[in-house]
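In what follows, a single structure is set out as structure tokens and then discussed.
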Amino acid sequence: FGTTNASFKGLHLRDVNINETVTPNVGALARRIDATAAVQPVVEHCSVSGKIIVNCVGYEYKAVAQYHEFMIGGLVGTLFGVAVDNCSSSAKIEVLSVVKADNEKEIRPSIGGVIGANESFTSGDIKHLSPVTNCSNSGDINIKIGGNTIMLMAGGVIGVAFKNNADALIENLYNSGNLTIDSNISKKETRIGGVVGWLYSNTFAHAVNSGTVTYNSGEFYYMHMGGV
């Protein structure tokens, strides 16, 4: 699926083989799932196995934005106000992202074993929460990144989880996949975790990582790195 506001329950994808050159969102189940004023989607009891390869080497972005974001998840690239429960991924993820951005615009990738980026938000008086509970990843994630990347966020389960005036619960997450990053980023920002790469103002509880977290770089600058 591309961008949708549908709910998914009990869908199990086996032996997927996804090869993308470049796209803002990549996920085996859906690229992006959005809540609306009338619809609050959920993703429950879904899983994926196989391989996802995203190769952006040499691609030149043509856009007017100050920077470019792309989100890669084993199950879903981006969640926007969507609740996720009891989902898992064993898919191997490989990302090659040496990107030359148009007019030197910067790249901000978010990569997670299950979810690339997860955001809760408020619209008027309505809170669209994106809680992620009881989810796991066992697939290895290998990232080779450079070019104009300004901020890399990568986690075993979630790349980045943040809120926009709405606090969601991130709980009971487990990762056993190995996260390996080879970077030639110079003087940029990196946020890496065994479970979540960047957790921004959400409630976080009961997370375990047994996989390795490896970052290979000739230069460290504004580095945040943790086992969880």
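Values in this document were obtained by computation on a predicted structure and should not be read as measured data.
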Quick one: do the Asn17 and Asp15 side chains pair a donor with an acceptor below 3.5 Å?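 Not at all, the side chains of Asn17 and Asp15 share no donor-acceptor pair under 3.5 Å.
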Please determine whether residues [X] and [Y] belong to a single hydrophobic cluster, defined as Ile, Leu, Val, Met, Phe, Trp and Tyr linked transitively by side-chain heavy-atom distances below 4.5 Å.
X	Y	result
Ile53	Leu75	no
Phe80	Val42	no
Ile111	Tyr215	yes
Leu11	Val132	yes

Not counting sequence neighbours, which residues clear side chain to side chain contact (heavy atoms under 4.5 Å, CB included) with His45? List them please.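 In terms of side chain to side chain contact (heavy atoms under 4.5 Å, CB included), with neighbours along the sequence ignored, His45 is linked to Asn86.
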Inter-residue atom distance [X].[atom1] - [Y].[atom2], 0.5 Å rounding:
X	Y	atom1	atom2	result
Lys144	Thr180	NZ	OG1	10.5 Å
Lys9	Glu44	NZ	CD	5.0 Å
Leu13	Ile18	CG	CD1	8.0 Å
Asn55	Asn19	CG	CG	9.0 Å
Asp182	Leu96	CG	CG	10.0 Å
Thr214	Leu179	OG1	CG	7.5 Å

A side-chain contact here means heavy atoms from C-beta on lying under 4.5 Å apart; do [X] and [Y] qualify?
X	Y	answer
Asp85	Thr133	yes
Ile33	Phe8	yes
Pro131	Ile170	no
Cys87	Val43	yes
Asn118	Val76	no
Ile93	Val54	no

Using every non-hydrogen atom in the two residues, find where [X] and [Y] come nearest and quote the distance to one decimal.
X	Y	value
Val84	Ile115	CG2-CD1, 4.2 Å
Ile141	Gly155	CD1-O, 3.7 Å
Gly81	Pro41	O-CD, 4.2 Å
Ala117	Met71	CB-CG, 3.3 Å
Val48	Ala28	CG2-CB, 3.5 Å
Ala35	Val82	N-CG2, 4.3 Å

[X] (side chain) donor-acceptor with [Y] (main chain) under 3.5 angstrom:
X	Y	answer
Ser138	Ser176	no
Asn25	Gly77	no
Asn178	Asp140	no

Could you give me the CA-CA distance, side-chain angles and deciding distance for Met153 and Ser110, then say whether side chain to side chain contact (heavy atoms under 4.5 Å, CB included) is met? CA-CA 5 Å; Met153 295 161 282; Ser110 303; 3.3 Å; yes
Among residues two or more places apart or on two chains, list those pairs meeting salt bridge (charged side-chain N to carboxylate O under 4.0 Å, His left out) that have a residue in residues 33-43.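 Found Arg32-Asp34.
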side-chain hydrogen bond (donor to acceptor under 3.5 Å, both in side chains) partners of [X], counting only residues at least two apart:
X	answer
Ser7	none
Glu94	Lys92
Ser47	His12, Arg14

Under 4.5 Å between side-chain heavy atoms, chaining through other members, with only Ile, Leu, Val, Met, Phe, Trp and Tyr counted: pull out the rest of the cluster around Val208, sorted by chain and number.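 Under the 4.5 Å side-chain rule, Val208 groups with Tyr174.
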